[in-house]
Amino acid sequence: MSLALDFTSPAPASAADRVTLFADVILPLPLPRLYTYRVPYELNDNVVIGGRVIVQFGAKKTLSCIVAAVHEQAPKDYQAKYILEFIDDAPVVTQPQLKLFRWMADYYMCTLGEVINAALPSALKLSSESRIQLHPAFSREENEYPLTAQEEQILDALGTLEESKALTFTEVGELLGVASFHKVIKSLMHKEAIFLFEHTADKYSPKVLKKVRLAHHFVNEASLEMLFNTLTSKPKQLDVLMKYLQRVPVYQNEHANHAGMEKAALTSSPHLSPSAVNTLIKNGVLEQFDQIVSRFPLEDEPTAQLHFTLSEAQTAARDEILNHFGEKDIVLLHGVTGAGKTEIYIDLIRKALEGGGQVLYLLPEIALTAQIVTRLLRVFGSRLGVYHSKFSDNERVEVWNGVLSGRFQVVIGVRSAVFLPFDDLSLIIVDEEHESSYKQYDPAPRYNAREVALMMGNFQGAKTLLGSATPAVETYYQAQQGRYGLVSLTKRFGEAGMPEIELIDTRKQREAKTMHNHFSAELLGEIERKLGAKEQVILFQNRRGYAPVVACQDCGWIPKCTNCAVSLSYHKHSHELRCHYCGYHDPMVSKCPCCGSRAVKTVGFGTEKIEDDLKIMLPQANVQRMDLDTTRAKNAYQQIIGDFEKQNTNVLVGTQMVTKGLDFANVSLVGIINADSIIHYPDFRAHERAYQMFVQVSGRAGRKGKKGKVLIQTADPQQVIFDKVIRNDYLEFYNYEIMQRREHGYPPFMRVIKMTVKHMEQGLCEQAAIFLTQELVERLGRTAVLGPEAPYIFRIRNFFIQEITIKLDRAHTVLKHAKQQILDAIDACKDQKEFKQARFVADVDPM
DNA sequence: ATCTACGACTAA
DNA sequence: TAGTCGTAGATG
């Protein structure tokens, strides 16, 4: 906080030449405009663009927000309120970031407040909570009003607190054990027993280490000698002292004592008792002190040799990339799975750092594993920051501040790492650039981190490298058009060859009665063979749970979710029926509630059933499952990967999770249990998604010298897409797909904006969607608007859904104009009284 | 998002 | 008629 007057700064200007400053701030709310506040004269020098300030918004709320602009224009139509407090004396949001955030709000049709909300770790947003304090003039003895028991309870609690301490509303609620405490507080205020105030505080708290050291007067041989003598009768304390001296060589180096050692290391040692330590502290032998430490301890300097050698192909690719960067800002590195792209990235990062700029390395959530982080840490040491969604808020703030301070020059992170406060980026790497998890869908901003990264690179003059084994069709198109440089790696690193891919016709197998549950004889046989050879197997099934549907064999009754238009999935482990959209769950039924029949059977299958079947058919195999359900716990994912890596498990059954970035040397077989459900998906990206998924899973097979095998089970092997997968020919796939896109007017030729209309009532949802369609058609023309249409799952969390697809010309000016038209159309709908409860959402470049 | 003012509606 | 409920409208 920089509220205090700074006496070292020049004397305040005289009233005559004082300027009146106003600040436009970004409130962390979904409001379309910035709000203007007045800067108090005496704080004119404290205004920092990109710094946080506290303001009063409305009658009740104090909020922390970001200063976006400072100017002298007094607002004409209203009296600006004063800024209450300045939190930062340096920006927490850099100028290039503000520019980027503005672009995001514009492009993705959301508000700046929504962008800020997504961008800032919530510990940087200040929390404002009301607190109550004992009224100084109040005395219980002279009190004229009778007090209720609850009121007494609160006053008691306030009385035991230290001077000037206060209770938060939350604490009052906990104290009384009820949520409805506002009446009690109101009554106490009326009786002038308490008063209320707002308190805003930084939520970030530094990590504090409890340490101990020898009291300074013992730090010489003579006094230590005496100390030993006095402790001879106290063996426990002597043990502690010995341990301390062993860890902190006070004899050799007196200064070593100043740093002391961690208290926990003393108290948690097996033979030392905490009470002995505490006694020593109490008697003044040891002194305890706090040390603020980073949550990311400084690694020892890089251990890996900085100049590891790239293969010939890798070197060539790297040089080609650098060559392209000479004239182009964006390069696509198209390298088959296992080609060794990471080494190239590391080499490029090193080069960029030598030039003095910052580097951002983006990875999709599931690919950002300990494997890759450890590898980078070894090369870049403490210069590397990691930004992961599993991180606590405090950890995120430390990364944020570390980027601001320059401590972290390289950051490896997931989607939201594009929000970090870089101001001098020289290189951005977006690995697995085709990944749909780069697109945020649910809360606004509905952004694609790949596109944001490209724009950020553009703003900061950084070069951007997109990497993938299966580039997005849009990306490859840009490369073909010459807008991006294109570099290809067609061979795997080392001896490893591309895996051999085979299709298995499940329809034929079913007719021949050679299917065992969902396993063909071939797949089962191959699994057994691999296990016999002590090799490992990955099985992919794109559906979690035991069975997606449960049905009564007699009357056809199917349990459905009460909030969504989906059938409930059966989860055997918990013996529950679950909705995968809203989390609703019920115990599994044994008797049909409709006809009373006992013949309630599961239909279809998920990972849990595959795991189950396999355990029965191959009891000698050690099977592990990896999906959303088994990785919910904090370290479960690491645990499963670790077990598989150490070969404690032979077979890994999983959903999409097993397709991404995992690199196991001993996997020689990958099985796709049911390819059909992946292909038959009702949208224009279905084929692309399927192709990517098949190639990515296949890529898990046969690394480090072994040739792998991939078995794909399908009821329809004639599908064109399999041909491209088997021949491992991306270009063939791309040529086919780009033709389709051109023909049907989809990206990259047209731009898509998807409108979603939601309403609790089905009829009103449909009406609102029709109304919006009309408004859109009026503004954009009949051909640009498709729908409305109910999606396959037409109701989620009690909201009915209608979708409208808008296709637009890609030209920049057209697009900008069209977005304004769309916003106008939405406003027209909101003006309609009957649609007041409807929600209208625009999703730019949906995935 | 969240609060307020205002009108409508219900309980006595 | 007071108290409760729901919603349009503003927030600097």
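The figures here come from the full heavy-atom set of this structure, side chains too, leaving out hydrogens, waters and symmetry mates. Only a predicted model underlies this, so the values are computations on that prediction, with no experimental measurement involved. By convention in this document, chain letters (A, B, ...) are assigned in the order of the sequence lines, proteins followed by strands, and residues within each chain are numbered from 1.
One atom, NZ of A/Lys81, and another, C1' of C/dA10, lie 11 Å apart when rounded to the nearest Å. In this structure, A/Gln79 places its CD atom 14 Å from P of C/dT11, rounding to the nearest Å. Distance A/Ile26 CD1 to C/dT11 C1': 17 Å, rounded to the nearest Å. Distance CG (A/Asp24) to P (C/dG12): 14 Å, rounded to an integer number of Å. The distance from atom NZ of A/Lys830 to atom C1' of C/dG9 is 14 Å, rounded to the nearest whole Å. Put simply, CZ on A/Arg33 is 11 Å from P on C/dA10, counting in whole angstrom units. Nucleotide C/dT7 holds its P atom 11 Å from the NZ atom of A/Lys836, rounded to whole Å. Residue A/Asp831 contributes atom CG, which lies 12 Å from atom C1' of C/dA8 at whole-angstrom precision.
Among the atoms of the strands shown, none is found under 4.0 Å from any heavy atom of A/Leu27. Among the protein residues, A/Phe57 comes within range of the nucleic acid bases, having at least one heavy atom under 4.0 Å from a base atom. The residue A/Arg38 sits apart from the nucleic acid: no heavy atom pair falls under 4.0 Å.
Taking A/Arg446 as the reference, nothing meets the side-chain hydrogen bond (donor to acceptor under 3.5 Å, both in side chains) condition, with sequence neighbours excluded. For A/Glu152, the salt bridge (charged side-chain N to carboxylate O under 4.0 Å, His left out) partners at least two apart in sequence or on another chain are A/Arg140. Looking at residues two or more places apart in sequence or on another chain, you find no side-chain hydrogen bond (donor to acceptor under 3.5 Å, both in side chains) involving A/Lys758.
Side-chain N/O atoms of A/Tyr35 and base N/O atoms of C/dG12 include no donor-acceptor pair closer than 3.5 Å.
Non-hydrogen atoms lying under 4.0 Å from DNA chain C are contributed by nothing in residues 760-772 of chain A.
Separation of the A/Phe22 and A/Tyr37 ring centroids does not fall under the 6.0 Å cut-off.
Between A/Met455 and A/Tyr107 the shortest side-chain heavy-atom distance does not fall below 4.5 Å.
Of the possible polar contacts, one joining the A/Gln97 side chain to the A/Phe419 backbone as a donor-acceptor pair under 3.5 Å is found. When atom types are taken as modelled, the side chain of A/Tyr108 and the backbone of A/Trp103 share no donor-acceptor pair closer than 3.5 angstrom. With hydrogens and angles ignored, the 3.5 Å screen pairs no side-chain donor or acceptor of A/Asp24 with any backbone N or O of A/Ala69.
Once you apply a 4.0 Å limit to the heavy atoms of chain A, the touched nucleotides of DNA chain B run 5' to 3' over B/dA1 to B/dT4.
Residue pairs that meet the salt bridge (charged side-chain N to carboxylate O under 4.0 Å, His left out) test with at least one member in residues 69-83 of chain A, sequence neighbours left out, do not exist here.
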